[in-house]
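Below is one structure, written out as structure tokens; comments come after it.
Not measured: the values here are computed from a predicted model. Numbers for residues simply follow the sequence, beginning at 1.
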Amino acid sequence: MKYNHHTNMNTIIKKYKRMAGATAMSLALTASSFMLTGCNDFLDTLPLNDVVLENYWTQKADVTSVLNSCYESLESSESILRMGVWGEMRSDNIVLGRSVGYDIQEILKENILPTNGLTKWDVMYQTINRCNVVCHYAPLVMERDPNYTLNEMKANIAEATFVRDLCYFYLIRTFRDVPISFEPSIDDLADYQIAPTEMNAALDMLIADLEKVKDDAVRRYVDDSRMTNSSAAQTAYENSSRVTRVAIYALLADLNLWRGNWDKCIEYCDLVIDFKKEQYRLKKENLGDLRDIYEYDGIPLIRESPDGSTLCGEAYSQIFGDGSSFESLFELYFQTNQRTKNSYVGSYYGTSSQPLGHFAAYTDYFEEATKGNSQLFNKKDCRAYESAQSTNGRYVITKYVCRSVSLDNRNVSDDRSLKLSSSRRGDEYANWIVYRFTEVLLMKAEALIMKGEENFPAAFALINTVNKRALNITTSGDKDELKYDDYKQSRETMEDLLLAERNRELMFEGKRWYDLVRVSLRDGSTQRLVSKATVKYKDNVNRIKIKLSDPNIIFFPYNRDELRLNPYLKQNSAYGNTEEFEGI
């Protein structure tokens, strides 16, 4: 039976209807309202009550239903919109595309007001609250249902904890100081009307929270050691679409990277790397030599060109086309779920019928790449042609949009020599990747750089591993394009190499702006952020540079409505006084 996050709430509603008395009638009416409106989920509209809730939580299926709704909320269009916009749009990668709404236009102009709809965070707190409910009531169910084991309960709590803390991590990276509570809100999210927690203290809370459950999560839901990558993507996708132990390790590595805990970041990265090496060993032991995976300096990654082929694009097609690839650690799943679309990719990146979405790619990173004139990519770098393509004079975003890509990067001299072809999706069911293996390699490289000069060679080797895969360097006769001597002179030059490689590898995946913010926090200055993020601007460049020089403005303002609801919030000083927006 295939796992489906998008379980409707009928099971919960039917159970409430069986409850006696006026309370049950009230609940039934509320549930009916949910069915009619279809706008807000049961858990977001129901006036919850401790007694009522405890009468509901009686069997394992109750936990499963609400846990599924946690995933469903995370996969909602409003949630993914914020993951993409918050993490990428203010960076150098994104420029205006087609039919752009007012809120988007203002953010791209660096004119963000507390009235901007994309500063609203309620969808994240709705997801958080569902997770808090699961963590709070799952132990009660274990006491009542003998079929619900201790290990199952702990694994479910680990899943909910990951989703909750991932949402908090997005909020922290976007707004800096945010209210944090691990208790379920019983009365319309009133429990979140608390003072915001300072950023570093909040990161420490999330790290400690995940540390408690990291070993409780399931390692693999399906044994895919005898499956080819394509088979695993179709039948074992639960291993990446549900929270596993390795996904928690990736989030812990990221949290520790932001907190400056370099050794802990490396420790969790190594757990992921060891897991992937063992997974590859088992596949190879069971299936023999794998044509589509190669060990780059001992690290298994999907090849751009399968063994025996001269055409590249295999890595893209598996990671972004099929989804749930060997390299995936956690991604939001839409491939066979026909109830919910990934509307963010369809609207903001493009579709088969409308290649130009609300966003377009920054031209100079892609223009004349085949002639070696790109500001970012080597002309043999497959990612330059997989991430964006020229259409009617604009570079439209094709990452996630294309189901498959094929190209020849051996003797690139012009567009014709590239032999580029691609197949665009006819739907909006692209998965959305939260963590994948190469990002963990680059996290470790960043932590090594920050530990000091003696770790530069090891950091460079990891960066070069990711780069070599993208350039399809798989034989001893191929020469590395990156040279250690060009970057070893200082921490800043190594960091700039790392940032450039992260941008090449993770472009349009909701990572770039957060990378620039993280570096600014370490530097105690926005100088590097300003120099990189403003290259895309042609108008009002000096005004935007001056604006971004304020270290507070790299975070979003609190939304006006949130300021009204929570008296403990005080507006980010870069956006004026709270009182200025109270009468709007």
Side-chain angles (χ1 to χ4, degrees), residues 63 67 70-71 73-74 79 83 87 124-125 127-139 150-174 176-184 197-221 239-276 328-332 433-437 439-440 443-444 446-447 511 514 518:
V63 180
L67 180 59
C70 297
Y71 286 104
S73 184
L74 190 64
S79 180
M83 292 180 194
M124 289 296 180
Y125 276 105
T127 306
I128 288 166
N129 195 45
R130 296 184 188 197
C131 296
N132 285 347
V133 169
V134 170
C135 293
H136 184 81
Y137 286 101
L150 175 63
N151 286 340
E152 287 175 317
M153 183 268 293
K154 292 169 71 174
N156 288 162
I157 289 177
E159 287 182 80
T161 300
F162 173 94
V163 173
R164 171 180 69 194
D165 292 353
L166 178 67
C167 290
Y168 274 133
F169 192 31
Y170 274 106
L171 291 168
I172 291 166
R173 289 177 292 179
T174 305
R176 186 169 55 194
D177 304 339
V178 299
I180 290 185
S181 174
F182 296 151
E183 296 300 320
T197 301
E198 183 271 331
M199 183 181 199
N200 285 336
L203 292 171
D204 287 340
M205 289 175 67
L206 300 187
I207 291 169
D209 193 41
L210 284 165
E211 287 272 9
K212 291 185 293 187
V213 302
K214 67 181 189 297
D215 296 325
D216 296 337
V218 172
R219 288 177 61 85
R220 307 293 280 173
Y221 291 95
N239 292 331
S240 58
S241 66
R242 290 183 68 183
V243 174
T244 61
R245 198 173 301 180
V246 74
I248 294 178
Y249 294 157
L251 179 53
L252 275 166
D254 208 357
L255 289 165
N256 279 289
L257 183 65
W258 275 74
R259 190 63 182 92
N261 301 330
W262 315 127
D263 289 334
K264 293 298 290 185
C265 175
I266 292 167
E267 176 186 329
Y268 284 113
C269 288
D270 283 341
L271 286 172
V272 176
I273 293 168
D274 291 344
F275 180 90
K276 283 297 171 185
S328 179
L329 305 177
F330 181 69
E331 59 189 65
L332 305 183
I433 298 172
V434 177
Y435 285 116
R436 57 190 180 93
F437 188 30
E439 183 176 7
V440 170
M443 285 184 201
K444 181 178 178 180
E446 187 170 346
K511 306 286 183 176
Y514 290 149
R518 185 173 64 256

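- You'll find the side chain of Ile157 reaches within 4.5 Å of the side chain of Pro139, heavy atoms only.
- The heavy-atom pair separating Ser79 from Ser73 by the smallest distance is CB-O, 3.5 Å.
- Note that OG1 of Thr161 and CG of Asn156 are 10.5 Å apart. Values are rounded to the nearest 0.5 Å.
- In this structure, the side chain of Tyr168 engages the main chain of Ser181 through a donor-acceptor pair within 3.5 Å.
- Here the side chain of Asn129 pairs no donor or acceptor atom with the backbone of Pro184 at under 3.5 angstrom.
- Closest heavy-atom contact between Val218 and Ala155: CG2-CB, 4.1 Å.
- With rounding to the nearest 0.5 angstrom, the CD1 atom of Ile248 is 12.0 Å from the CG atom of Leu271.
- Screening Asp177, Val178, Ile180 for a side chain to side chain contact (heavy atoms under 4.5 Å, CB included) involving Thr197 leaves a single residue, Ile180.
- Aromatic ring pairs are classed by plane angle as parallel below 30°, tilted from 30° to 60° and perpendicular above 60°; the pair Phe330 and Tyr71 is tilted.
- In terms of heavy atoms, Cys167 sits closest to Thr127 at SG-CG2, 3.7 Å.
- In this structure the side chain of Glu267 never reaches within 4.5 angstrom of the side chain of Asn261, judged on heavy atoms.
- With a 6.0 Å cutoff to the six-membered ring centre and a 45° limit on the axis angle, Lys444 does not count as a cation-pi contact of Phe437.
- Scanning for salt bridge (charged side-chain N to carboxylate O under 4.0 Å, His left out) contacts around Glu211 gives Lys214, Lys264, with sequence neighbours left out.
- Between Met443 and Cys269, the shortest heavy-atom contact is CB-SG, 3.8 Å.
- The CG atom of Leu252 sits 5.0 Å away from atom OH of Tyr268, with the distance rounded to the nearest 0.5 Å.
- Taking CG of Leu329 as the reference point, atom CG of Leu251 lies at 11.0 Å (rounded to 0.5 Å).
- Residues Leu171 and Tyr125 are in side-chain contact: their nearest non-hydrogen atoms beyond the backbone lie under 4.5 Å apart.
- Relative to the six-membered ring of Phe169, Arg173 meets both conditions, a distance below 6.0 Å and an angle of at most 45° to the axis.
- Interatomic distance, CG of Asn200 versus CE of Met205, reported as 13.0 Å (0.5 Å rounding).
- At least one donor-acceptor pair closer than 3.5 Å links the side chain of Tyr221 to the backbone N or O of Val243.
- A heavy-atom distance below 4.5 Å is not found between the side chains of Asn132 and Glu183.
- The salt bridge (charged side-chain N to carboxylate O under 4.0 Å, His left out) test with Glu159 singles out one residue from Arg242, Lys154, Arg245, Arg164, and that residue is Arg242.
- Expressed to the nearest 0.5 Å, how far NZ of Lys276 lies from CZ of Arg436 amounts to 12.0 Å.
- Between Asn239 and Thr244, the shortest heavy-atom contact is O-CG2, 3.4 Å.
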> Does the side chain to side chain donor-acceptor pair (under 3.5 Å) test come out yes or no for Tyr435 and Asp254, once each step is laid out?
Replying inline: CA-CA 10 Å; Tyr435 285 116; Asp254 208 357; 2.7 Å; yes
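- Without hydrogens or angle criteria, Lys212 side chain to Ile207 main chain gives no donor-acceptor distance under 3.5 Å.
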>> side chain to side chain contact (heavy atoms under 4.5 Å, CB included) for Trp262 and Leu257? Distances and angles first, verdict last.
In response: CA-CA 6 Å; Trp262 315 127; Leu257 183 65; 3.9 Å; yes
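- A heavy-atom distance below 4.5 Å is not found between the side chains of Val134 and Val163.
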> Arg130 and Leu74: side chain to side chain contact (heavy atoms under 4.5 Å, CB included), yes or no, with the steps?
Replying inline: CA-CA 10 Å; Arg130 296 184 188 197; Leu74 190 64; over 6 Å; no
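- Residues Val440 and Ala250 share a closest heavy-atom pair of CG2-CB, 4.2 Å.
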> Should Asp165 and Leu255 be marked as a side chain to side chain contact (heavy atoms under 4.5 Å, CB included) after you check the CA-CA gap, both sets of side-chain angles, and the distance that decides it?
Replying inline: CA-CA 10 Å; Asp165 292 353; Leu255 289 165; 5.5 Å; no
